[in-house]
Structure formats: C-alpha cells, structure tokens
Amino acid sequence: MTNVTRKHTALPKAQTLIEALPWLTRHHGKTVVIKFGGNAMIDDELKAAFAQDVVFLRHAGLKPVVVHGGGPQISAALDRHGIVSEFKAGLRVTTEDAMDVVRMVLAGQVQRELVGLLNQHGPLAVGLTGEDAHTITATKHRPEIDGERVDIGRVGEITDIDTGAIEALLADGRIPVVSSIARSQDDGHVYNVNADTAAAALAAALGAETLMVLTDVEGLYEDWPDSDEVISRLTASQLEKLLPELASGMVPKMQGCLHAVRHGVTTARVIDGRVQHSILLEIFTDEGIGTMVVPDAEGDAV
Ligand SMILES: Nc1ncnc2c1ncn2[C@@H]1O[C@H](COP(=O)(O)OP(=O)(O)O)[C@@H](O)[C@H]1O
Ligand SMILES: CC(=O)N[C@@H](CCC(=O)OP(=O)(O)O)C(=O)O
C-alpha cells in the first residue's frame, strides 16, 4: 500500500474527528456533571464503556464530575444482611443499621469500582463522598405523603454544597467521583441522599454547563407505562407542569433536572445508560438521544 492510499483510508476517521470540532470548541473547559445510576451499572462492558467516555471528555478538554448511585447494589447488600428494603416517595427508608450498609456499599464498593475503571486510563479519578470537606451538607428529610410528613430515617435533604474540594480536583486535572452521602448539619451522623438529587445540586453549585443523568430507560416517556414515546425536549415550565404525574425513580431525576436548569445549568439530559457510549452519542448528535430539559426562554416562565 502506498502512502497516498493509506492517507485516503484514514480520511473518514479524520472527518469524524473534524465533525466534532465545533462541539469541542463550544464545550472546552466546561464542567459536566454525569450521574451514573445503579440500574445502568449492572453490566461490566457498559461500565468500562462509561469510563472510556468520561476519560474521553476529560482529554477533550471538558471537566467531568461523576456522581454515582447504587440502588440495586444497596438493596442486594441489605438483603444479605436480612434488612428489608422499603421505599417511600421514591426514597429508601433508611434505619441506622441500613445507613451503615448504604455507606459501605456506595463509598466502599460502587465508588471504588468506578474509580478503578477510570484509573485504568491514567491517574485521573479521585473518589469522595459528600461528607468529605463539607461537600454535601443535609438535614433530616421528612417527605410529605398524602398531606402528612413522614419519618423515613436517615434520609437527608441537602441544605448546603461546598464545591471547594471538587473544584481543586478539577483544577488539578482529576475526575472527582462523588458518592451521594451527606454530612449532617445538626449532629455527627451522616445522611443517605438520592443520587439524582445530589448530582443536580452539585451541577447547580458548580455552575456546570450540563447535567447528564444515565438511567435504564431511553429517557422520559410521555405516557409511562402505557407508551414508550420519549419526550425529546422540554422547557423548565413544561417539565414543572408534568412533575405531579411522574412516578417512582423518575421523580427525583426530573425534579433534579428542573432544579439544575432553574439554577444556571444550560441543559439537563436524561439518557439511556444501557446503550454503549451513550454519553458520546448524546453529545455528538445535535438533538441528542434521550430527553433534554432546557431553561425557559425569556417570557416562557409561569
Ligand atoms: N415517565 C417515565 N418515563 C420513564 N421511566 C419512568 C417514568 N416514570 C417512572 N419511570 C421508571 O423510572 C425508572 C428509572 O428510575 P430509577 O429506577 O431510579 O433509575 P436509576 O437507578 O438509573 O436512578 C425507570 O426504569 C422506570 O421504571
Ligand atoms: C434516599 C435514597 O433513596 N438513596 C438512594 C441512594 C442511591 C441511589 O440514588 O441510587 P440510584 O441512582 O441507583 O437509584 C438509595 O438508598 O437507594
């Protein structure tokens, strides 16, 4: 093969890279918070592809921050400890004993695994929980169910975010990997926080450009569970109207997206974490593959 033909066969690759140039120019130096859900994390190949995508973003000049969940992994561990999992208002009822297991699974197992996968590509990822350096502070959350405040144990409502540690890591070129556990503002205990809520609060506090929530469905379905028509784009006001109709795991996810875009994040996206390289697919296709939430245009807000 001559040099000239060799150049020609590589041309489609060069074109693909060049097609990404406007996107890379627009997003260079921007922070993107990526929430990796427990349900999208059960497959080893998907986890490895997720790590590749995050490292790719980092090398492309963005500042990715990973916030992870681990609902299924926590439920499995509680099961092994003979503790029954119960959810109220989409949140895990967390007793003192359950909290020990939650902390052990999130910080000691799921976070370690993600850090390990990312660090196969270089000395990049550093794991922390919301307890570290006051990153996430919370007080006891008492959700309202049928007009009454209920006690669901050590579940936290975020009261404060300190972005100092995460920003220092980003400035050092690292990829922070954050477990959704908060320190208590009132006592020495720790709180269990839904990972979607934690990711949204961090995205807002960091002034992130994008919040990306990976999950185990294609996006927000218009008429779930009766149809699988994905809503591809909606404004904050449109989402706010839809919120009361949403169920289960979609509630904290979409509340989080709304919080993020109402607090300065340019886009919040819910995407299918079951699709390999879904992060790269989402960013390199203009309209995206999942559901995109954008702030209201001027005059849109209700
Ligand atoms: N409107 C909706 N569109 C899509 N999924 C929905 C909707 N309402 C409820 N769901 C449920 O929410 C789930 C995703 O939330 P969750 O199980 O908490 O995921 P994760 O572990 O990724 O945080 C979906 O698998 C689906 O069962
Ligand atoms: C309070 C509460 O419900 N906390 C969640 C934290 C983990 C999480 O959110 O994980 P996913 O993103 O995989 O659902 C839990 O205990 O399951």
Hydrophobic cluster membership, with links at side-chain heavy-atom distances under 4.5 Å among I/L/V/M/F/W/Y: are Met212 and Val293 in one?
no

Test item: side-chain donor near acceptor, Asp272 and Ser278, under 3.5 Å:
no

Would a distance-only check, ignoring hydrogens and angles, find a side-chain to backbone donor-acceptor pair under 3.5 Å from Ser184 to Asp187?
yes

Enclosure of Gln109 CD (heavy-atom neighbours >12, cutoff 6.0 Å):
yes

Any chance you could measure Phe50, atom CZ, to Leu280, atom CG, to the nearest 0.5 Å?
11.0 Å

Would a 4.5 Å heavy-atom cut-off, applied to side chains only, mark Asp79 and Ser85 as touching?
no

Side chain to side chain donor-acceptor pair (under 3.5 Å) evaluation trace for Ser75 with Arg92
CA-CA 9 Å; Ser75 295; Arg92 186 185 305 277; 3.2 Å; yes

In this structure, are over 12 heavy atoms from other groups packed under 6.0 Å from His277 atom NE2?
yes

What distance do Glu245 atom CD and Asp223 atom CG have between them, rounded to the nearest 0.5 Å?
9.0 Å

For a quick test of reading the model, state the closest non-hydrogen atom pair linking Pro64 to Val54 and the distance between them.
CG-O, 3.6 Å

Which distance, rounded to the nearest 0.5 Å, do you find between the NZ of Lys140 and the CD of Gln185?
13.5 Å

Linking directly or through intermediates, with side-chain heavy atoms under 4.5 Å: list the remaining ILVMFWY members grouped with Met104, chain and number order.
none

Do side-chain atoms of Ser180 reach the backbone of Val193 as a donor and acceptor pair under 3.5 angstrom?
yes

Under 3.5 Å, side chain of Asn119 to main-chain N/O of Ala125, donor-acceptor pair present?
yes

Does the side chain of Val177 reach to within under 4.5 Å of the side chain of His68, using non-hydrogen atoms?
yes

For a quick test of reading the model, state the closest non-hydrogen atom pair linking Cys257 to Val270 and the distance between them.
SG-CG2, 3.9 Å

Between Asp160 (side chain only) and Thr137 (backbone N and O only), is there a donor and an acceptor less than 3.5 Å apart?
no

Do Asp132 and Thr135 have a side chain donor and acceptor closer than 3.5 Å?
no

Closest approach of Glu282 and Ile289, non-hydrogen atoms and distance?
OE1-N, 2.6 Å

Option among Gln111, Arg112, Glu131 that satisfies the side chain to side chain donor-acceptor pair (under 3.5 Å) test with Ser179
Gln111

Is there a side-chain contact between Tyr221 and Val230, using heavy atoms and a 4.5 Å cut-off?
yes

Single-linkage hydrophobic cluster, 4.5 Å side-chain cutoff, Val65 and Phe56 together
no

So, Arg149 side chain and Arg142 main chain: donor-acceptor pair closer than 3.5 Å or not?
yes

For Leu91, the rest of its hydrophobic cluster, which grows through side-chain links under 4.5 angstrom
Val93, Ile145, Val150, Ile152, Val155

Drop me the distance from Thr197's OG1 to Leu202's CG, to the nearest 0.5 angstrom.
11.0 Å

So do Glu240 and Arg262 actually touch side chain to side chain, heavy atoms under 4.5 Å?
yes

Correct closest heavy-atom pair for Ala77 and Val105 would be CB-CG2, 3.5 Å

Hey, is CZ on Arg274 packed in by over 12 heavy atoms from elsewhere, all under 6.0 Å?
yes

CA sep, side-chain torsions, deciding dist, call: Gln238, Leu242, side-chain contact (heavy atoms from CB on, under 4.5 Å)
CA-CA 7 Å; Gln238 288 168 332; Leu242 217 73; over 6 Å; no

In terms of hydrophobic clusters joined by side-chain contacts under 4.5 Å, are Leu57 and Val66 together?
yes

What is the minimum heavy-atom distance between Arg26 and Glu209, and which atoms define it?
O-OE2, 4.4 Å

If every non-hydrogen atom of Lys253 is compared with every non-hydrogen atom of Val213, which pair is closest and at what distance?
CG-CG1, 3.6 Å

Please say yes or no: joined through hydrophobic side-chain contacts below 4.5 Å, possibly via intermediate residues, are Val67 and Ile34 part of one cluster?
no

Here the gap from Thr95 atom OG1 to Glu86 atom CD, rounded to the nearest 0.5 Å, amounts to 10.5 Å

Step-by-step side-chain contact (heavy atoms from CB on, under 4.5 Å) determination, Arg58 to His121
CA-CA 11 Å; Arg58 159 66 184 75; His121 302 277; over 6 Å; no

Say you draw a straight line from CG of Leu114 to CE of Met41; how long is it, rounded to the nearest 0.5 Å?
5.0 Å

Starting from the C-alpha separation in whole Å, work towards a yes-or-no answer on side-chain contact (heavy atoms from CB on, under 4.5 Å) for Leu246 and Leu220.
CA-CA 9 Å; Leu246 298 182; Leu220 178 65; 3.8 Å; yes

Would you say the side-chain atoms of Thr94 pair up with the backbone N or O of Gly153, donor to acceptor, closer than 3.5 Å?
no

Flag the pair Leu239 / Met254 as yes when at least one side-chain heavy-atom distance between them is below 4.5 Å, and no otherwise.
yes

Do other residues, nucleotides or ligands put more than 12 heavy atoms under 6.0 Å from the CD atom of Glu144?
yes

Linked, directly or transitively: Val102 and Val110 (ILVMFWY side chains, under 4.5 Å):
yes

State, yes or no, whether a side-chain contact exists between Leu124 and Leu118 at a heavy-atom distance under 4.5 Å.
no

4.5 Å side-chain heavy-atom contact, Tyr191 and His141:
no

Validation row: Leu169, Leu128 side chains within 4.5 angstrom (heavy atoms)
yes

Would Leu46 and Gln276 count as a side-chain contact (heavy atoms from CB on, under 4.5 Å) here? Give the steps.
CA-CA 6 Å; Leu46 282 177; Gln276 272 204 15; 3.8 Å; yes

